[in-house]
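Order of appearance sets the numbers: ligands from 1, and atoms from 1 within every ligand.
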Amino acid sequence: MLYPIRNTFRDMQEANPLWKFRADPEKTGEKNGWFNDFDSDVEIAVPGSWNEQLEELGLLHYVGLAWYSQRFFLPAHFSGKRIWLRIGSADFSSKVWINGSFVGKCEFGFLPNDYDITEFARCGKENLIVVGVSNELNDDSVPQGITTEHYENENRMREETNPPARFDFSPFGGIHRPVIVYSTSSSCFRNLRVDTKILGKSRGKVEVAAEIDGDGFDSLRVELVDQEGKVVAQSSTGGKKTRLDLVVDNCRFWSNGDPYLYSLRASLRRGTEVIDEYALKIGIREIRIEGDKLLLNGHEIFLKGFGKHEDFIVAGRGLFLPLVVKDFQLMKWINSNSFRTSHYPYAEEILLQADRLGILVISEAPAISLDLRHVGPKMMQNHKEFVSRMVQRDYNHPSVIIWSIGNEPNITGYDGYYDGSGKKYWEEIFDFTRSLDNSRPITVPNCTRGGLDDPVFEFSDILSINRYYGWYEYPGNLQLAIERLGREMDELHNKYKKPVLVTEFGADSLSGSHSDSLQMFTEEYQSKLIEEYVRCIESKPCTIGEMVWNFADFRTPQHFRRVILNLKGVFTRSREPKLAAFRLKEIWAAQRKDT
Ligand code: GCB
């Protein structure tokens with residue numbers, strides 16, 4: 001569904017930011033009718049995770065079910081419209097009731113879910129919304145879960161984290177993005193899919209495919225408006241056709257150097273009457289791989305950026321707009337041009353900023369460290385469903401230039417992965433993703449344990465590698481680290497003949513820790529390691545970029561390897577720059593130019 005907006009045909013109201021809250025570790029709420037409301041004097045802010053907001057109630061590491069409720073007044077003028085409820089994201093799964101009636105559930109975190117609540121909502125009255133949210137995971141979920149028993153059975157008890165997780169970030173629970181009630185006409189745009197092409201030096205093409213709910217329309221019109229308000233192209237169809245092309249002369253293409261956005265205004269008509277309108281900001285650009293180069297509008301582009309997380313003090317993974325503004329400022333300050341939404345799709349509000357500011361994005365699905373020994377019967381289906389929702393949600397963002405459909409499969413180094421099962425799995429997911437979008441390169445970052453025979457390389461358009469030589473391997477030894485990195489990049493490229501992207505490298509550093517010798521955990525060691533990696537990566541003509549792990553320190557599940565946070569940020573969790581940030585700023589100002 002399209003992001004809610006307000007215009008003559010659509011209205012919206014955001015839910016109040018404070019909700020009643022109750023944890024339900026025994027999972028008795030549904031049986032006891034909590035969907036009709038429940039007793040509690042605890043309030044929680046939304047968007048926001050429960051973990052740090054309600055640490056004093058013992059929820060810092062809580063994995064389980066919790067209930068949210070809220071009474072909201074729905075204005076009378078929503079009457080006669082179709083009424084929708086959008087939960088921007090609830091991690092990792094949720095169920096929703098309106099006025100005691102069940103309206104649906106969502107088994108995918110990190111993505112929005114829109115519920116048609118027309119038959120349940122009362123206009124001109126107060127309504128009750130109750131949401132049950134769980135941050136539990138299992139063998140079939142995306143991300144895949146893990147339990148203490150898994151670790152015990154595999155004799156990997158030293159690797160176990162608390163809470164147990166197959167990933168290195170806190171499994172924060174809660175409603176993490178805005179909850180919005182909105183209205184549309186009964187016949188309305190459900191989706192607009194925009195493809196853009198470059199036809200000539202300054203000629204662009206915009207192909208629009210509309211998905212429409214209801215059949216009370218007979219024509220469709222789109223116009224493209226520039227930033228001066230001038231209509232630069234328009235087109236209309238009749239006879240219920242839903243595809244339109246626009247050709248734009250004197251076109252200003254979107255790039256990270258010039259992130260020019262046009263407004264695409266679409267209207268749906270019945271006779272001469274307009275019944276729905278939707279306006280979308282779009283950028284006209286083309287991304288492609290040619291040989292070992294990544295080309296944006298035909299020009300070579302080199303990615304200088306980070307893996308990030310949605311993570312902040314107290315808010316947890318909750319969308320916190322001051323932080324979004326700050327992080328983009330810092331990305332510009334440090335002269336980076338890109339980030340990867342490791343390890344899950346980020347809030348749409350973040351991608352809108354990236355479009356506007358010209359920051360390039362790799363959007364990632366949370367199939368993290370997939371362990372094919374434990375892939376349940378529904379995993380493939382869920383993985384595909386996740387990718388398809390992500391592609392649908394992010395398709396129109398010019399900033400999104402690459403899909404990553406997983407991260408570090410087979411981190412346990414299981415031999416059976418190479419005997420065909422890994423290949424079969426990834427071939428199917430890659431084919432499926434290409435069938436949804438063949439305009440963007442697709443990749444899956446590989447880890448050292450996955451090795452150079454990892455089947456993801458065969459199907460990826462870009463050879464993405466996460467490497468921690470000088471940290472997990474060859475700790476404290478930068479010379480061996482860089483030799484090994486360089487050798488491996490050459491071998492990888494020789495084997496697959498595709499461009500290489502180093503999607504992760506870095507070292508933990510404790511802000512304020514210093515040494516004049518190379519000493520792990522100091523700011524100097526982190527800074528030096530990053531500098532040496534960058535030098536090595538940029539010396540290879542086959543590379544298309546470097547992404548430092550991580551932008552900022554972030555909370556992880558408990559493990560003896562982590563002192564509360566993963567400290568590989570070049571900024572602290574509260575966004576103070578470490579030494580490496582100043583060094584990167586200099587390096588990126590001086591080095592390979594982007595478009
Ligand atoms: C990785 C993972 C990332 C971790 C990082 C680390 O390879 O992709 O999620 O946080 O290593 O610091 O260990």
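Looking only at atom types and distance, the side chain of N466 has no donor-acceptor partner in the side chain of W549 under 3.5 Å away.
Around ligand 1, the residues contributing at least one heavy atom under 4.0 Å from the ligand are D168, H343, N407, E408, N466, Y468, Y472, E504, W549, F554, R562, N566, K568.
By the 4.0 Å N-to-carboxylate-O rule, K423 lies too far from D454 to be salt-bridged with it. Contact check on K424 versus E428 returns no salt bridge, with no Lys/Arg side-chain nitrogen under 4.0 Å from an Asp/Glu carboxylate oxygen. Salt bridge status for R389 with E385: present, with a side-chain N to carboxylate O gap under 4.0 Å. Taking a cutoff of 4.0 Å between a charged side-chain nitrogen and a carboxylate oxygen, E488 and R467 qualify as a salt bridge. A salt bridge links R166 to D371: one of the charged nitrogens lies within less than 4.0 Å of a carboxylate oxygen.
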